[in-house]
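The sequence lines fix the lettering, A, B, ..., with proteins before strands; numbering per chain opens at 1.
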2 protein chains.
Amino acid sequence: MEKSQKIEALRAISHPVRIAILEELQKGVKCVSDFKAFLSAEGGSVFGKDISQPNISQHLAALRHAGLIDYYIDGRLRCYFLINPIIPDLIELLKKDYPDELPRPKCCPVTKKGTYPGERRR
Amino acid sequence: MEKSQKIEALRAISHPVRIAILEELQKGVKCVSDFKAFLSAEGGSVFGKDISQPNISQHLAALRHAGLIDYYIDGRLRCYFLINPIIPDLIELLKKDYPDELPRPKCCPVTKKGTYPGERRR
DNA sequence: TCCATATATGCAAATATTATTATATTTTTA
DNA sequence: TAAAAATATAATAATATTTGCATATATGGA
């Protein structure tokens with residue numbers, strides 16, 4: 001996979017609703033109604049409110065154009081599935097535990113002064 | 001680290017110039033002139049054109065507001081460094097080799113017809 | 001002190017993203 | 001065959017992002 005495609009995938013995944021959709025898709029093939037149920041307030045939506053059906057379709061279209069998902073048809077259902085292999089790894093990072101910060105290089109914590117490590121330009 | 005912070009990090013990293021900056025930062029502390037050199041046409045910029053100094057500063061500010069980097073001061077140099085622990089892992093994914101596609105579920109390759117695996121709603 | 005260097009900030013224009021609403025398409029069922 | 005279900009598309013409005021350009025600020029050196 002090309003780097004530009006990976007950047008495209010990063011862009012596409014950087015939205016709470018689309019992340020929810022992709023996480024759900026990781027469990028297997030899902031149709032739009034599944035997402036609609038999942039993203040409804042009662043259905044356990046992570047978001048305060050319902051996400052409308054057209055909005056879900058738009059997010060699915062965006063994910064498809066970014067090459068993250070595709071679908072097949074069963075009657076009036078569109079059955080979506082993951083096709084981009086970077087997605088499972090990205091989702092894993094989102095679940096992984098991280099400390100708040102990396103260790104910082106030495107500098108005065110008050111004045112924020114320190115020394116540049118390289119050669120200075122002239 | 002909170003999930004919302006990770007999503008924020010994904011958003012912030014989803015830009016070719018900012019990825020270049022972050023990859024450069026992974027090598028160690030760098031000042032703005034370092035990025036300017038790196039992102040100039042001669043300096044080996046991945047992009048066709050030069051990236052202007054104000055534009056670099058703007059991207060650095062964006063990365064800082066997203067909590068990905070911070071800086072200390074050495075005279076008139078601002079020395080930037082990574083602080084968000086998810087960044088090295090993300091950059092690794094960008095370098096990792098992936099196949100073009102995941103295996104697809106069974107469906108007719110021409111008509112795109114297949115069968116929905118779950119229970120149908122009524 | 002005056003000037004050059006390193007970097008940031010402010011603003012405007014162009015563009016992109018997001019959600020909402022209304023409507024269209026296709027398929028199934030009564 | 002008409003209505004309902006599942007889903008997509010289109011148009012719009014509200015925002016956000018991105019860039020370019022001009023200018024501001026701070027530091028160090030002559």
DNA chain C: 5'-proximal contact among A:Ser14 and B:Lys113 (nearest heavy atom):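 Its nucleotide being nearer the 5' end, the pick is A:Ser14.
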Residue whose nearest DNA chain C nucleotide is more 5′ - A:Ser52 or A:His15: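 Whichever sits nearer the 5' end wins; that is A:His15.
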Check this one for me: any side-chain N or O of [X] less than 4.0 Å away from OP1 or OP2 of [N]?
| X | N | value |
| --- | --- | --- |
| A:His65 | D:dA8 | no |
| A:His59 | C:dT17 | no |
| B:Arg78 | C:dA8 | yes |
| A:Arg11 | C:dT17 | yes |

Under a 4.0 Å threshold between the charged nitrogen and the carboxylate oxygen, would [Y] count as salt-bridged to [X]?
| X | Y | result |
| --- | --- | --- |
| B:Asp70 | A:Arg104 | yes |
| B:Glu23 | A:Lys3 | yes |
| B:Asp89 | A:Lys96 | yes |

Send over the distance from [X] [atom1] to [N] [atom2], rounded to a whole Å.
| X | N | atom1 | atom2 | result |
| --- | --- | --- | --- | --- |
| A:Ile21 | C:dA19 | CD1 | P | 10 Å |
| B:Leu63 | C:dT7 | CG | P | 16 Å |
| B:Ile56 | D:dT18 | CD1 | P | 15 Å |
| B:Glu8 | D:dT17 | CD | C1' | 13 Å |
| B:Lys36 | C:dT7 | NZ | C1' | 8 Å |
| B:Asn55 | C:dA13 | CG | C1' | 15 Å |
| A:Ile13 | C:dT18 | CD1 | P | 13 Å |
| A:Arg76 | D:dA3 | CZ | C1' | 11 Å |

Position toward the 5' end of DNA chain D (nearest nucleotide), B:Arg18 or A:Ser57: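 Whichever sits nearer the 5' end wins; that is A:Ser57.
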For the side chain of [X], starting at C-beta, report the closest nucleotide among [options].
| X | options | result |
| --- | --- | --- |
| B:Leu77 | C:dA8, C:dT29, C:dT7 | C:dT7 |
| B:Cys31 | D:dA8, D:dT19, C:dT7 | C:dT7 |
| A:Tyr80 | D:dT18, D:dA16, D:dA8 | D:dA8 |
| B:Ser33 | C:dT21, C:dT7, D:dG20 | C:dT7 |
| A:Lys49 | D:dA5, C:dT20, D:dT19 | C:dT20 |

Polar pair under 3.5 Å, donor/acceptor by atom type, side chain A:Gln53, base D:dA8: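 Check passes, donor-acceptor contact within cut-off.
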Presence of donor-acceptor pair under 3.5 Å, side chain of A:Gln58 and base of C:dA19: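 When only heavy-atom distances are counted, A:Gln58 does reach the base of C:dA19 through a donor-acceptor pair under 3.5 Å.
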Donor-acceptor side-chain pairing of A:Tyr98 and B:Asn84 below 3.5 angstrom: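 B:Asn84 and A:Tyr98 do not have a side-chain donor-acceptor pair below 3.5 Å.
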Side-chain H-bond candidate by donor/acceptor type, B:Ser57 with B:Gln53, under 3.5 Å: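 Their side chains do contain a donor-acceptor pair, which is all the 3.5 Å distance test asks for.
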In one Ile/Leu/Val/Met/Phe/Trp/Tyr side-chain cluster, 4.5 Å: B:Tyr72, B:Ile21: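 No, because B:Tyr72 and B:Ile21 fall into different hydrophobic clusters, even though each may have its own neighbours under 4.5 Å.
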